[in-house]
S.K.: 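Pasting a structure below so you can have a look.
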Amino acid sequence: MLKELKARYKKKKNMKAIVDCNSFYCSCERVFRPDLAEKPVVVLSNNDGCIISISDEAKKLGVTMASPYFKMKKFIAENGIETFSSNYNLYGDMSRRVMDTLKAIIGKENVEVYSVDEAFLCMDEVRPEALQSFAKHIKDTVEQWTGIKVSVGVATTKVLSKVANRLSKKNKIATQGVMILNTPEKVTDALCKTQVSDVWGVGRKNAEKLIKFGIEDAYQLSNMNEEWARKNLGGVVGVRLIKELKGTPAIMMEDELVNKKMIASTRMFGSPVTSMQDIKEAVATYTSRAAEKLRRQQSAAGVITVFVVPKEEMLAHEHFRHGPTVSAHVTLPKATSITNDLIKPAMQLVEQIYKQGNLYKKAGVILSAIVPDATIQGNLFASEASNNKRMLMHMIDNINFSMRDDALKFASSGTERNWKMRQELRSPRFTSRWNELCEVK
DNA sequence: TCTGGGGTCCTAGGACCC
DNA sequence: TCTGGGGTCCTAGGACCC
């Protein structure tokens, strides 16, 4: 058994890396505010609702992830923590720079962008003895080219590379932000230092369950067999997880740019909304945004769902939960990506679910049953009008892309925007707006 | 007063068919 | 009067991720 394991590590092919940006949103803010380099920083979610990115310094002060801002406001002020509303234009742009850097280093085909601040790399071409220095090279280059600090974890499977990454982050000085698990001993050691709740793929529910079984760290979990996992850990999902922990790849590298199967646009309102008109405006705006995403991947949607969430009273001691969602959907006669053809049914759905007298705190649109857009080439048999509509859509997308802030809107989106979210502490969009460029004095 | 906004995958169970 | 068993497809909802 051990021999087998050793042999596998000796071959050392199939190594994967995860590159993960440190406190990504905070780091983005700091790139343009060097004065904040060593200072505690946090970034808030949309609507300034809760804290979603925390610098190490703020972490040390005791700020925790996902805590509601209104509860932390006083503490933040008292401790001089710098606070930003989220600025997704900036983060999206910085993300692209980081990913482009990775692609330049190791080749586009070896990069799987996993989220805005993470990418898996296929390390097959890297010689085993060079893994450490190569990983360090990646880290240093990204930092030099973009100003964003990253951590790198390398192992035979995605789950193990996440384990490595997490430990390198926790111990930045000793590891220099890089950890390679290339021997059975190193893997065992890393697993012993990882609690089950910190394993990628184990959420709150399963962590509680595992602890009841007496399984507390990742090493114990890795020793469970697959049949046990099938029964007790969510079927095939659990089986994959155990395999990965044992060092057998079960979650493969994926090709980039898989089209979305569902596209949503939803927001909390800045303050609760009662009028149907306001909800319609919001839903029309979300529909436009979702349709843009749809066209960007050259798809059309066959089903549109609209939902609203009424505001509900909650007792002070209650654990936060979302209220009951009220939704309705309709199957369109023909899949479409034309904003107008989506807004019309969306408005009817709003009328279906809206109740006079209710206070609403959130609404959203979900497009599903997504198929490739058959009319994308300009259909010879389609009416001229529908081809013209497509041209119009292209123009709107292009103008909005260059000017941003939805320079062109559909009339139904309204101009008052009583429902618009709060965003009081946003930093300038340094990299995507000419009039907000960094000023050098 | 005030708790984000996306996504994915899987399973169970109902409807339907032969 | 009797009312099986197996397959497929779809949907809602759960769990998880960042």
Side-chain angles (χ1 to χ4, degrees), chain A residues 18 20-25 42-54 64-74 85-88 91-92 95 113-120 158-159 162 165-166 196-210 229-241 250-251 254 258-272 286 289-290 293 297 302-303 305 307 309 311-316 318-325 327-329 331 359 361-370 421-424:
Chain A
I18 177 88
D20 191 324
C21 302
N22 301 342
S23 310
F24 181 57
Y25 296 167
V42 298
V43 175
L44 307 178
S45 66
N46 264 332
N47 216 27
D48 295 345
C50 45
I51 294 167
I52 53 171
S53 184
I54 311 171
T64 52
M65 201 63 170
S67 42
Y69 177 51
F70 74 90
K71 281 191 187 166
M72 300 295 293
K73 217 166 184 170
K74 186 152 166 274
S85 296
S86 41
N87 183 345
Y88 291 108
Y91 311 149
S95 171
V113 177
Y114 177 70
S115 75
V116 69
D117 71 330
E118 283 176 57
F120 287 102
K158 284 185 170 179
V159 171
K162 287 285 255 185
N165 184 280
R166 188 180 153 278
V196 283
S197 57
D198 292 326
V199 174
W200 188 52
V202 178
R204 198 169 46 86
K205 284 274 154 85
N206 280 327
E208 279 170 20
K209 199 163 164 187
L210 287 169
R230 191 184 306 280
K231 242 171 62 195
N232 297 297
L233 213 55
V236 300
V237 183
V239 174
R240 273 204 296 255
L241 182 60
I251 306 173
E254 283 180 23
V258 192
N259 278 352
K260 306 254 186 289
K261 300 169 181 173
M262 179 195 103
I263 287 173
S265 178
T266 103
R267 291 283 184 286
M268 303 274 299
F269 300 133
S271 51
Y286 304 155
R289 193 164 304 157
K293 293 186 201 170
Q297 64 169 46
V303 171
T305 305
F307 69 85
V309 181
K311 185 179 150 59
E312 64 163 23
E313 298 305 321
M314 252 179 43
L315 304 173
E318 267 180 316
H319 205 64
F320 174 76
R321 62 192 147 78
H322 286 289
T325 303
S327 77
H329 66 269
T331 303
L359 270 178
K361 63 170 189 184
K362 180 179 185 173
V365 172
I366 301 168
L367 302 178
S368 51
I370 287 173
M421 64 190 184
R422 283 189 306 264
Q423 213 179 44
E424 290 157 5

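To find a chain, count down the sequence lines: A is the first, B the second, and so on, and within it residues start at 1.
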S.K.: Would you classify A:Y114 as touching base, sugar-phosphate or nothing, given that sugar-phosphate means primed atoms plus P, OP1 and OP2, and contacts are heavy atoms under 4.0 Å?
M.R.: sugar-phosphate
S.K.: Taking the side chain of A:I263 as its heavy atoms from C-beta onward, which of B:dG4, C:dC16, B:dG7 lies nearest to it?
M.R.: B:dG7
S.K.: How close or far is atom C1' of B:dT3 from atom CE of A:M65, stated in whole angstroms?
M.R.: 14 Å
S.K.: Sticking with atom P, work out how far C:dC18 lies from B:dC2, rounded to a whole angstrom.
M.R.: 30 Å
S.K.: When the distance from CZ of A:R166 to P of C:dC18 is rounded to whole Å, what number comes out?
M.R.: 12 Å
S.K.: Can you tell me if A:R267 touches the phosphate of B:dG6, counting only side-chain N or O atoms and a distance under 4.0 Å to OP1 or OP2?
M.R.: yes
S.K.: Just N and O in the side chain of A:K362: are any of them under 4.0 Å from OP1 or OP2 of B:dT3?
M.R.: no
S.K.: Is the phosphate of C:dC18 approached by A:K162 (side-chain N or O, under 4.0 Å from OP1 or OP2)?
M.R.: yes
S.K.: Specify the separation, in whole Å, of atom CG of A:D117 and atom P of B:dG6.
M.R.: 17 Å
S.K.: Tell me the interatomic distance from A:I52, atom CD1, to C:dC17, atom P, rounded to whole angstroms.
M.R.: 17 Å
S.K.: Considering Watson-Crick and G-U wobble pairs with both distances under 3.5 Å, what does C:dG14 pair with?
M.R.: B:dC9
S.K.: Could you give the CD-to-P distance, from A:E118 to B:dG6, as a whole number of Å?
M.R.: 19 Å
S.K.: Does the side chain of A:L233 come within less than 4.5 Å of A:N206's, by heavy atoms?
M.R.: yes
S.K.: When you get a sec, tell me which of B:dT3, C:dC17, C:dA12 is the closest nucleotide to the side chain of A:W200?
M.R.: C:dC17
S.K.: Taking only N and O in the side chain of A:K311, is any of them less than 4.0 Å away from OP1 or OP2 of B:dC2?
M.R.: yes
S.K.: Using atom OH of A:Y88 as one end and atom P of C:dC18 as the other, report the distance to the nearest whole Å.
M.R.: 15 Å
S.K.: Using a 4.0 Å heavy-atom cut-off across all strands, classify A:V239 as base, sugar-phosphate, or nothing.
M.R.: nothing
S.K.: Measure CD1/A:I51 against C1'/B:dG4 and give the value in whole Å, please.
M.R.: 13 Å
S.K.: Evaluate the side-chain proximity of A:D20 to A:D117: yes if any heavy-atom separation is below 4.5 Å, no if none is.
M.R.: yes
S.K.: Check the phosphate of C:dC16 against A:N206, side-chain N and O only, distance under 4.0 Å to OP1 or OP2. Yes or no?
M.R.: yes
S.K.: Indicate yes or no for a side-chain donor-acceptor contact from A:S95 to the backbone of A:V116 under 3.5 Å, with no hydrogens or angles considered.
M.R.: yes
S.K.: Considering every strand and a 4.0 Å limit on heavy-atom distances, what is the contact class for A:V116: base, sugar-phosphate, or nothing?
M.R.: nothing
S.K.: Angle class for the A:W200/A:F120 ring planes (parallel below 30°, perpendicular above 60°, tilted otherwise)?
M.R.: tilted
S.K.: Would you mind reading off the distance between A:H329 atom NE2 and C:dA12 atom C1', rounded to a whole angstrom?
M.R.: 10 Å
S.K.: Keeping the roles fixed (side chain from A:N165, backbone from A:I18), state whether a donor-acceptor pair exists under 3.5 Å.
M.R.: yes
S.K.: Does the side chain of A:K260 get closer than 4.0 angstrom to OP1 or OP2 of B:dG7 through an N or O atom?
M.R.: no
S.K.: Taking the nucleotide of DNA chain B with the nearest heavy atom to each, does A:G234 or A:C50 sit closer to the 5' end?
M.R.: A:C50
S.K.: Heavy atoms from C-beta onward define the side chain here; which of C:dC17, B:dG4, B:dT3 lies closest to that of A:K71?
M.R.: B:dT3
S.K.: Select base, sugar-phosphate, or nothing to describe what A:S265 touches, counting heavy atoms under 4.0 Å on all strands.
M.R.: sugar-phosphate
S.K.: Would you give the length of the straight line joining atom NZ of A:K362 to atom CZ of A:R267, rounded to the nearest 0.5 angstrom?
M.R.: 9.5 Å
S.K.: Start at the 5' end of DNA chain B and walk down; is the nucleotide closest to A:Y25 or to A:R240 reached first?
M.R.: A:Y25
S.K.: Side chain of A:S45: nearest nucleotide among B:dG4, C:dC16, B:dG7?
M.R.: B:dG4
